[in-house]
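Just so you know, ligand 1 is whichever comes first in the structure, and atom 1 is the first atom listed for that ligand. Just so it is clear, the model here is predicted, and its values are computed rather than measured.
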Amino acid sequence: MSLLYKRKILLGISGSIAAYKCGHLVRELIKRGAEVQVVITHTAKDFVTPLTLSTLSKRPVYSEFIEDEQKPYGVWNNHVDMGLWADLMIVAPASSNTLSNMATGACNNLLTAVYLSAKCPVFVAPAMDLDMHSNGATQNNLEVLKQRNVEIIHAEFGELASGLVGKGRMAEPENIANFVERELKKRLPLSGKQVLINAGPTHEHLDPVRFLGNNSSGKMGAALAAAARDLGADVRVVLGPTQANLDLHGMDVINVTSALEMLEHMQEHFLRSCITICTAAVSDYMPVNKTNHKIKKTSTGDELSIPLKKTPDILSLLGKSKTSNNVLIGFALETNNGSAYAKDKLREKNADAIILNTLGKKGVGFETETNEVNVFTASGKTVSYPLQDKKTLGKTLFSLFIEEFNLTDE
Ligand SMILES: Cc1cc2nc3c(=O)[nH]c(=O)nc-3n(C[C@H](O)[C@H](O)[C@H](O)COP(=O)(O)O)c2cc1C
């Protein structure tokens, strides 16, 4: 999902020939799920019509403090409210005149008044002829704005409306949207952090068509992974075979079948991950031998015995190689004596926390949309979370992990 999804964006359009591209920009932002409110300068209306922009944004376009031509007469377009409404503001194209007004705090039109009122992150995409762009005054204004934490979406190199070639073209609408998304991601608490999660069941094959497995859907793991992604982390999910429709958008998903394959990929990525969460319901046993052909009913008599051996204990093996840079969390599912078992497991596996699923209750466990858990940390804390939607629980658990394990520290 785009980081612009459900964001309220103020799009300030000023008087550059590049304003004609704003129809595309509005569409691009809306395509990514944003709500767009256009504020346009008087001059910019010569380059793109408010009718086009209001049609595309599905909102009225504001230009003047008081829209004299409209009825009822003398309605104030409240710049303060607009500034506070927005989650972010993009001024694109930003003319040299508007950049100068923004840098000096001149409040001579609705766009600059809204800018001065806005408390949200502000981005500007300059657009002008190459000499206007390289002029010391323009560069100075950009520098002043940068120092005030305005993000500059740098002008691109290419052919300009004047026929000259150089740096001054407004960044293309798609590049503007990508730039804003990248910057928003950088501001998220887990930006630049690697998160590793295993999820789903494993299938331990007896023959090409039969396996030992379980009903794990992978939903809890996917909910935790989505929470980490939405906090800005780079998330890798090692996923066992599941039919569930999981939201793993924007993540690196490695599909595996068996416990051995899952172990291999978890070990490969473990040390570079700041937090690893083992949610997968890994089969405890696998057949000693796997036949290459289907075991025939006629060849086995009335009973069939299949020798099994233990699968590798992924959590325990990761715990053995853990350094001070790795937080390791495991899930446990017990029918009785759960908390004693969870505390033992914490120590034995060298984990930083164990999350215990309470089994046997309605709405808790494998294939459900909800879950109820108790978290036991190595520092001795126990935190209980009542029955709730797995997605909400994923977010709540990540807030706990960030705080408990200082995940946002460098
Ligand atoms: C045809 C034409 C194209 C223009 N293109 C640009 C431009 O690309 N960038 C710019 O900074 N100014 C450009 N200008 C000048 C601005 O429109 C002018 O400085 C105006 O005062 C800007 O007002 P505003 O910043 O309030 O929108 C252009 C003017 C005309 C007539």
Side-chain angles (χ1 to χ4, degrees), residues 9-26 36-54 56-57 60-69 76-79 82-83 86 89-118 122-146 148 150-176 179:
I9 301 182
L10 271 172
L11 176 61
I13 303 177
S14 61
S16 151
I17 182 71
Y20 82 91
K21 294 183 184 171
C22 283
H24 289 292
L25 180 54
V26 170
V36 182
Q37 175 60 62
V38 174
V39 178
I40 189 166
T41 66
H42 185 74
T43 315
K45 287 188 275 186
D46 289 336
F47 299 102
V48 57
T49 75
L51 183 60
T52 305
L53 298 164
S54 68
L56 294 172
S57 65
V61 166
Y62 298 123
S63 182
E64 312 295 336
F65 287 103
I66 295 164
E67 305 282 351
D68 280 351
E69 294 144 26
W76 176 37
N77 291 328
N78 190 326
H79 54 278
M82 267 190 263
M89 180 173 188
I90 306 171
V91 182
S95 69
S96 46
N97 177 59
T98 290
L99 287 173
S100 166
N101 289 340
M102 288 172 73
T104 56
C107 185
N108 49 11
N109 62 26
L110 187 65
L111 192 159
T112 43
V114 170
Y115 160 66
L116 290 173
S117 306
V122 178
F123 297 78
V124 292
M128 60 211 63
D129 212 49
L130 77 165
D131 295 321
M132 291 171 77
H133 183 263
S134 63
N135 188 291
T138 306
Q139 289 303 315
N140 202 36
N141 288 333
L142 287 172
E143 194 50 44
V144 167
L145 291 172
K146 208 165 133 190
R148 287 199 204 119
V150 172
E151 292 288 344
I152 317 294
I153 307 172
H154 288 291
E156 294 177 358
F157 186 94
E159 192 175 338
L160 300 156
S162 60
L164 298 172
V165 175
K167 191 171 177 185
R169 285 168 67 93
M170 183 178 84
E172 290 302 321
E174 206 187 333
N175 296 346
I176 292 178
F179 182 100

Between ligand 1 and D129, is the shortest N or O to N or O distance under 3.5 Å? no

Between F47 and ligand 1, is there a nitrogen or oxygen pair with a distance under 3.5 Å? no

Closest to atom 13 (C) of ligand 1 by heavy-atom distance, out of S95, G12, G15, is G15

Judged by heavy atoms only, the candidate from A161, P126, S16 nearest atom 7 (C) of ligand 1 is S16

May I ask you to test the [X]-[Y] pair for a side-chain heavy-atom distance under 4.5 Å?
X	Y	value
K167	L130	no
K45	P50	yes
I13	K21	no

Under 3.5 Å: donor-acceptor pair, side chain of R148, backbone of A103: yes

Side chain, backbone, both or neither: which part of [X] comes within less than 4.0 Å of ligand 1 when only heavy atoms are counted?
X	answer
A127	backbone
M132	side chain
T41	side chain

To the nearest 0.1 Å, how far is [atom] from its closest protein heavy atom, and which atom is that?
atom	answer
atom 11 (O) of ligand 1	S96 N, 2.7 Å
atom 21 (O) of ligand 1	N97 ND2, 3.9 Å
atom 5 (N) of ligand 1	I17 N, 3.5 Å

query = Do S162 and D129 get their side chains close enough for a donor-acceptor pair, meaning under 3.5 Å?
reply = yes

Regarding T98 and N101, is there a side-chain donor-to-acceptor distance under 3.5 Å anywhere? no

On a heavy-atom basis, the closest approach of S14 and P93 is OG-O, 2.6 Å

One finds that the ligand 1 atoms under 4.0 Å from a non-hydrogen atom of S14 are 25 (O), 27 (O)

How about CZ on F179, more than 12 heavy atoms from neighbouring residues, nucleotides or ligands closer than 6.0 Å, or not?
yes

